[in-house]
Amino acid sequence: MPKIIVEVMPKEVLLDPAGKSVMNALHRKGHSASKKSDITAVRIGKRIELHFDREITDKDLADAREIGESFLSNGVIEDVVKISSEN
Amino acid sequence: MPKIIVEVMPKEVLLDPAGKSVMNALHRKGHSASKKSDITAVRIGKRIELHFDREITDKDLADAREIGESFLSNGVIEDVVKISSEN
Amino acid sequence: MKIGVVTFPGTLDDRDAARAVRLAGGEAVSLWHADTNLHKVDAVVLPGGFSYGDYLRCGAIAAQAPVMESIIKAANGGLPVLGICNGFQVLVESHLLPGGLIRNEHQHFICRDQKLIVESNTTAWTNEFELNQEITIPLKNGEGGYIATDETLKRLEGEGLITFRYKEVNPNGSMNDIAGLRNERGNVVGLMPHPEHAVEPGFGPDTTVAMRSGVDGLKFFTSVINSLVNA
Amino acid sequence: MGLFGKKKIASGVDTTTEAANTPDKVQPYAALGLKDDEYARIREILGRRPSSSELAMYSVMWSEHCSYKSSKIYLRQFGEKVTPEMNKNLMVGMGENAGVVDIGEGWAVTFKVESHNHPSYIEPFQGAATGVGGIVRDILTMGARPIAVMDQLRFGEPSNPDTARVVHGVVDGISFYGNCLGLPNIGGETVFDKVYQGNPLVNALSVGALRHEDLKLAKASNPGDLVILFGARTGADGIGGVSVLASETFDSTGPAKRPAVQVGDPFAEKVLIECCLELYAAQVVAGIQDLGGAGISCATSELASNGGAGMRVQLQDVLKRDESLTPEEILMSESQERMMGIVPKKDFKKFKAIVDKWEVEFSVIGEVIAEDRLYINWGHEEIVNVPPRTVAHDGPVYERPVAFPSYQDALNNDSVHAHGLFRQNDNASELAAQLVQIVSSPNQADKGYITNQYDRYVGGNTALAQPDDSGMIRVSEETGLGISLATDANGRYCYLDPYQGARLALAEAYRNVAVSGATPVAVTNCLNFGSPENPEVMWQFKQATAGLADGCLELGIPVTGGNVSFYNQTGDVAIHPTPVVGVLGVIDDVARRIPSGWQDAGHNIYLLGTTKDELDGSVWSEVVHSHLGGRPPVVDLAYEKQLAEALNAASEQGLLASAHDLSEAGLAQAVVESVLRFGMGARIWLDEIQQRDGVDRTCALFSESTGRVLVSVGREDDVKFVGLCEARGIPVLRIGVTDNSGELEIQDVATWQLNDLRGAHEATLPELFG
Ligand SMILES: Nc1ncnc2c1ncn2[C@@H]1O[C@H](COP(=O)(O)OP(=O)(O)O)[C@@H](O)[C@H]1O
Ligand SMILES: [Mg+2]
């Protein structure tokens, strides 16, 4: 199904307690034991899919960026890091 | 910074209340007015970044898949839809 | 004195907020999210809850509701607006107050009787408090961690816009222990704790005098009535 | 080949005509959980083989969960062992979605507890969340505004790594759903025991209030009324989640692999609550039913059967989330947050205006008809044509074999004494260490780690909540009229003696309500047991239900409803029988409710009741000695009743500064909780208890004798209070005094700083799960 994918991440300079807690859990668990400590940070954002029942146009992508920046993310604390489409 | 990106989405057949509520909001707002109704569904998942302070290896990717499936996602209600890396 | 209490779908504490208004001697007027009409109210309370399920970001969808267009306009014109918990999140998402609110640091919802320090008593909603008064107000939230850039924090501190700070326990990892903020003008105040749950003896937080007898929250509502009377 | 495989889809649905024409077609009824004779009965009822849709309906509705086929014969006694006096205030009794009790002043209250055990093990978060959602809809269906929730939880051993997964998921799920609904959580239970390792129990209770005239019933009786499905769309989630029907019965060549989990949307439910209450106020629904287990199958057949009418339904008019759903799946889907309303045609416009206002989706899917027949069509094809009663109410009834457990006598003989655990003249430092060990053990430790994740304030009517003995909610803001609720179950006691165990649970919940100042008036239950196919489990069930019914008769309060959860076991090993008993109390003015802890210095502390040598099945035997054997404490319900009446009288006269019941871990636990509640110190002496009751210090501290309450009384009320107890034949003994020392001193045992005790009591759960 055609879709646009908008990816949103917490701003780099701000805290991401959810990411931090996942990282701590990973380290505690000793996940991927050998190199657990190689993961220096975990950050958790959103992947938002907008589904269409038709092909996606350039205009859709532009609109998605607009929606992404004005509504799907909060520019004070988040960034839209990627917008892509799959047909 | 080198990172692996794990993308997790709610299973297609399950209710995604967050996606539903965002879609309703988009439709209400008449966002991207002309084609608001062209968005047939919204689904919201997670984008999880694992940061490294070194280059990412194939082994890291395999580990990330394992962590992604066993820990970062809940296989009963979610799927890992993509694992990628940026160096 | 007519004080509007907004109901969004998913708002939970609207009836409590209306009760608080009445106990303070005001008249509570119910405002509906889909209606831009503010019914000539003298002040507005955005109560707590999970507007629209709070699914995207807390308060984000509510901030786009028709009633908010009117409230933002009126707030910029000086109408007293109090945002409680989800209401605070709506104010932040509407850019009436700076910064953002994210998931609590410990990742859990938390409900507790919270001590606060009142750091500004020159707002419409806090003028009956003493400066630096310690009050106890119930707090209950899952996403109450206040964050802002260093620059914003510096400005908030410098301009005295931090209105409430957590005392003893920072329950959600808020930066600089911030529990609540005001705008420059002092008509808009937002905070995570719930003053409307500390207005009636028997149903508020515990005090050293008696179980559930804390009524520190009532002053928010008498403050605004007071400031309107004296305006 | 699965039941609803591709071939059938391609060649169209299995219609009733097709069913009549192909009598010999092999149907996978066994995979759907139906026995040979049950399938034969369906054929007999219909005079032909069922269509696949009919088979789906019968199979879910005749499942243990929906039909109560193994428990029915025992549940009857809750309706039989009653006096007219007991039913005087009962507006709706057992059998409806929830019982309704008249509490006076034109108000009524409805309450019920239900299990969501199995889903909560598979997917703890969603399982627990949808458990809350389901019970709240039951309450809403009665015409009530839901006003509070409670949760009764049983987890495995805290040290087992899987326990944290379940605890986190379940607590987060309850917190997420309940908080988002705006319902204060006013209490519950949290127990850890290895018997629940592979089978945690997640029970949820909801209570609602309504004006008498707003009572709604789940029935469709007026021909011509519209059948309207509203709320969330129907999706593929939760298909078969409730019944024995498992997802494997849909093979991989079928429409899709359907998950058995359901995903909850508390926001949708909150909107649905407000929407329904507005519909009720506008008087536009003639009947209403929530969709829970068995989805549309249940709602259509029950509404029609209850109303003595029938229904014609067009299944293609159901709003779907997923267009690939087959009719059978639509009938069985357990998608959450849906309701079925019966709306007179003349009221449809008003109905539509209200649901539109709340942006709730709906579709008219049928009409009530006079003939008592349920017809369901899929387009032009008739896929169901059944007498609704046969689906909803005439399910099979079993009298399962019952056997006295082979282990039972040995278990009962293995008492604390027989085991040599009991020693006279225990030394002080040992007792002191045991006390700390007990109050910091996971089951006795402070539950704040869990309960602080729940909103107890929302609504502004919470008069008591955790950690108090009962939860209390104001119903009328004008008069202060309110209700009190407590639930209890002790699986260890029930394992030792299910008959007594059930009565003990009843007595404790009853006492917990009484100590709050309220008068107990009604009972609900959630009976969690192992497999009914095991005769020893069935014996436990038989004993427990008899104990509960007899107990209610003795106390003079009726059972208004409940829920049975069987098959709680891992492999062949059943959980301890765990009948959760909830007691509802009424209080004329919540302003006079009694705190559970000490708040003023210089008050006298009295122990009501006597202490016996009763340590079998106790916390002391478990925590200190890892032992379980013997017989549980005796319970004297006539005396419990007297005690409750005495407390009530004392409360009405304003004599009590606090009251806290003694239960698990006895006096030691109650004293520690009472000092920590508000941080008030106390000095306690045991010698008079020992002398009067002829027990040693271990018993004085840890015995779990029933009928005991710890109260504190201001000096000025002393004489009056003691007089009141003596006049009513309640043993009363002054055992201590409160003070501002910041310490707890139990004379001749030890003195603790309250801060140290608090640390020990509160740190346990955060350390384990934080
Ligand atoms: N899962 C839970 N949810 C809500 N409240 C709980 C839960 N577990 C325990 N509580 C509350 O914690 C307090 C202590 O529980 P407990 O020791 O079991 O009480 P009691 O012995 O009086 O039955 C009570 O107020 C009870 O309602
Ligand atoms: Mg108790």
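Residue numbering restarts at 1 for every chain, and letters A, B, ... go by the order of the sequence lines.
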Are there more than 12 heavy atoms of other residues, nucleotides or ligands under 6.0 Å from atom CG of B/N87?
yes
### Task
Assess whether atom NZ of D/K352 is packed by more than 12 heavy atoms of other residues, nucleotides or ligands within 6.0 Å.
no
Check whether the side chains of D/E123 and B/N74 place a donor and an acceptor atom closer than 3.5 Å, and report yes or no.
-> yes
Sorted by chain and residue number, the side-chain contact (heavy atoms from CB on, under 4.5 Å) partners of B/P17 (sequence neighbours excluded) come out as B/L15, C/Y55, D/V263, D/D265
Turns out that what part of D/E359 lies under 4.5 Å from chain B's heavy atoms comes down to side chain
Sorted by chain and residue number, the salt bridge (Lys or Arg N to Asp or Glu O under 4.0 Å) partners of D/D138 (sequence neighbours excluded) come out as D/K112
Residues B/I77 and D/Q126: closest non-hydrogen pair is CD1-CG, 4.4 Å
